[in-house]
Number of protein chains: 2
Amino acid sequence: MRERLLSSGDARDLAGLFQVMADPTRLRIISLLAETELCVCDIAAALEMTPSAVSHQLRVLRMTQLVKFRKEGRMAYYSLDDDHVLKLYTQSLDHLGHMPGGTIGSVRKPGGPDR
Amino acid sequence: MRERLLSSGDARDLAGLFQVMADPTRLRIISLLAETELCVCDIAAALEMTPSAVSHQLRVLRMTQLVKFRKEGRMAYYSLDDDHVLKLYTQSLDHLGHMPGGTIGSVRKPGGPDR
DNA sequence: TTAATATATGAACGTTCGTTCAGCTATTCA
DNA sequence: TGAATAGCTGAACGAACGTTCATATATTAA
């Protein structure tokens, strides 16, 4: 147990990482890019969203170095930047799987830990 | 690579988990509880925050089953609920360590991946 | 019972966030 | 050149979030 109280700065940085992951659209994009490299229009089509909305989210993922991209003609192909992202993503999926009935963010069973 | 496009529901649930982790105060609380069980007032003192503010955040962590607590007299002792939380936390710390200069959420080096 | 302590809770304020909409740049094809 | 395509960006609106403040509950001590 080597952990100690996080400094305010480190806590802010770490919160920034989780904040980027804390959006359904961005998580679905990551789930797509976990399989293969994709262009914006394919992602937009898969998510049934406008290319604009997807592009905004890709910008966030790009700025925080969770995804990288390469340009080929007028297309931009996106992929995960490194496998830390993938690890964090798959680990969180495991966590969700261990939650009884998927209790996070949705309706919880009565008589739970609160109240 | 067994991952596929996340459903809207799963993405929402997963985003909920990350959202809970995406707050500096809650992360600092987790960093404290990674060491030992603590009461609200000790956490408040360690973070130099009001017990009220801490209690609000503990409620969020409690509702999402990231921490558990036991009551002893008028004190409430909190601890991490299971080690999935700790794993996710330590893994994210690793990720931050691998970022050049802690680029997430803070000032980034010029000429980076954006723009 | 009264006072003090430890924690929990509800309302509200200011801030942050994700989407939509409109407009922009860059590239390709005729 | 002009039109069409792929993607990017800024403004703005509504929703969600974290803190503060005041108050409420529960436990202990006098």
Side-chain angles (χ1 to χ4, degrees), chain A residues 8 11-12 14-30 33 37-64 66-79 104-106 112-115, chain B residues 8 11-30 33 37-64 66-79 104-105 112-115:
Chain A
S8 295
R12 189 164 27 79
L14 203 53
L17 169 62
F18 282 115
Q19 192 116 327
V20 174
M21 305 282 288
D23 179 74
T25 299
R26 288 194 288 264
L27 284 173
R28 297 184 88 198
I29 291 175
I30 289 173
L33 297 184
E37 184 187 55
L38 286 171
C39 65
V40 179
C41 58
D42 284 342
I43 297 174
L47 303 186
E48 299 181 88
M49 294 179 64
T50 65
S52 173
V54 171
S55 184
H56 274 295
Q57 300 305 345
L58 283 171
R59 184 178 193 272
V60 175
L61 292 169
R62 215 191 317 138
M63 283 199 306
T64 51
L66 296 189
V67 307
K68 58 177 189 262
F69 75 112
R70 65 184 179 85
K71 274 218 154 168
E72 189 170 309
R74 49 186 155 182
M75 318 271 274
Y77 290 96
Y78 283 82
S79 54
I104 296 184
S106 55
D114 189 43
R115 265 218 166 274
Chain B
S8 295
R12 190 162 28 78
D13 291 350
L14 204 53
L17 168 62
F18 282 117
Q19 191 115 329
V20 174
M21 304 283 287
D23 178 74
T25 297
R26 288 194 287 266
L27 285 173
R28 297 185 87 198
I29 291 175
I30 289 173
L33 298 183
E37 183 187 56
L38 286 173
C39 65
V40 179
C41 59
D42 284 343
I43 297 173
L47 303 186
E48 299 181 88
M49 294 179 63
T50 65
S52 173
V54 170
S55 183
H56 274 294
Q57 300 305 345
L58 284 171
R59 183 178 193 274
V60 176
L61 292 169
R62 215 192 316 140
M63 285 198 306
T64 50
L66 296 188
V67 306
K68 58 177 189 262
F69 76 111
R70 63 183 180 87
K71 274 216 153 171
E72 191 173 296
R74 50 187 154 181
M75 318 272 274
Y77 290 96
Y78 283 83
S79 55
I104 295 184
D114 188 45
R115 263 222 168 271

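Values below: all heavy atoms of this structure, side chains included; hydrogens, waters and symmetry mates excluded. All values reported here derive from a predicted model rather than from experimental measurement. In what follows, chains are A, B, ... by sequence order, proteins preceding strands, each numbered from 1.
Comparing D/dG7, C/dG18, D/dG18 by their closest approach to the side chain of A/Gln57 singles out C/dG18. For B/Arg74, whose side chain is taken as the heavy atoms from C-beta onward, the closest listed nucleotide among C/dT19, D/dG7, D/dT27 is D/dT27. For A/Cys41, the listed nucleotide lying nearest its side chain is D/dG7; candidates were D/dG7, C/dT19, D/dC8. Distance from the side chain of A/Arg59 is smallest to D/dT9 among D/dT9, C/dT19, D/dG18.
A donor-acceptor pair is defined here as one N or O able to donate and one able to accept, closer than 3.5 Å; no such pair exists between the side chain of A/Arg26 and the backbone of A/Leu61.
You'll find the side chain of A/Leu58 stays beyond 4.5 Å of the side chain of A/Phe69, heavy atoms only. Looking at A/Ser8 and B/Arg28, their side chains come closer than 4.5 Å, going by heavy atoms from C-beta outward.
One can place CG of A/Leu61 at 14 Å from P of C/dC17, the figure rounded to the nearest angstrom. Atoms CG (B/Leu27) and P (D/dC17) sit 16 Å apart, rounded to a whole Å. Here C/dA26 presents its C1' atom at 13 Å from CZ of A/Phe69, a figure rounded to the nearest Å. Rounded to an integer number of Å, the gap from CE of A/Met63 to C1' of D/dC8 is 13 Å. Across the protein-nucleic acid pair, A/Ile43 atom CD1 and D/dG7 atom P stand 9 Å apart, rounded to whole Å. Between A/Arg28 atom CZ and C/dG18 atom P the separation is 16 Å, expressed in whole Å. A straight line from CG of A/Leu58 to C1' of D/dT9 spans 14 Å, rounded to a whole angstrom. What separates CE of A/Met75 from P of C/dT25 is a distance of 22 Å, to the nearest Å.
A heavy-atom distance below 4.0 Å to DNA chain C is reached by these residues of residues 46-56 of chain A, ordered by number: A/Met49, A/Thr50, A/Ser52, A/Ala53, A/His56.
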Report the C-alpha distance between A/Phe18 and B/Leu27 in whole Å, list the side-chain angles of each, state the deciding distance to 0.1 Å, and finish with yes or no for side chain to side chain contact (heavy atoms under 4.5 Å, CB included). CA-CA 10 Å; A/Phe18 282 115; B/Leu27 285 173; 3.9 Å; yes
Test side chain to side chain contact (heavy atoms under 4.5 Å, CB included) applied to B/Leu66 and B/Val60, step by step: CA-CA 9 Å; B/Leu66 296 188; B/Val60 176; over 6 Å; no
For A/Val20 and A/Met63: C-alpha separation, side-chain torsions, deciding distance, then whether side chain to side chain contact (heavy atoms under 4.5 Å, CB included) applies. CA-CA 10 Å; A/Val20 174; A/Met63 283 199 306; over 6 Å; no
Intermediate values then yes/no, side chain to side chain contact (heavy atoms under 4.5 Å, CB included), B/Gln19 and B/Thr64: CA-CA 11 Å; B/Gln19 191 115 329; B/Thr64 50; over 6 Å; no
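Contact annotation for A/Tyr78: backbone-only contact, meaning every heavy-atom pair under 4.0 Å involves sugar-phosphate atoms and none involves a base.
Comparing B/Lys71 and A/Gln19 by the nucleotide of DNA chain C that holds the closest heavy atom to each, the one mapping nearer the 5' end is B/Lys71.
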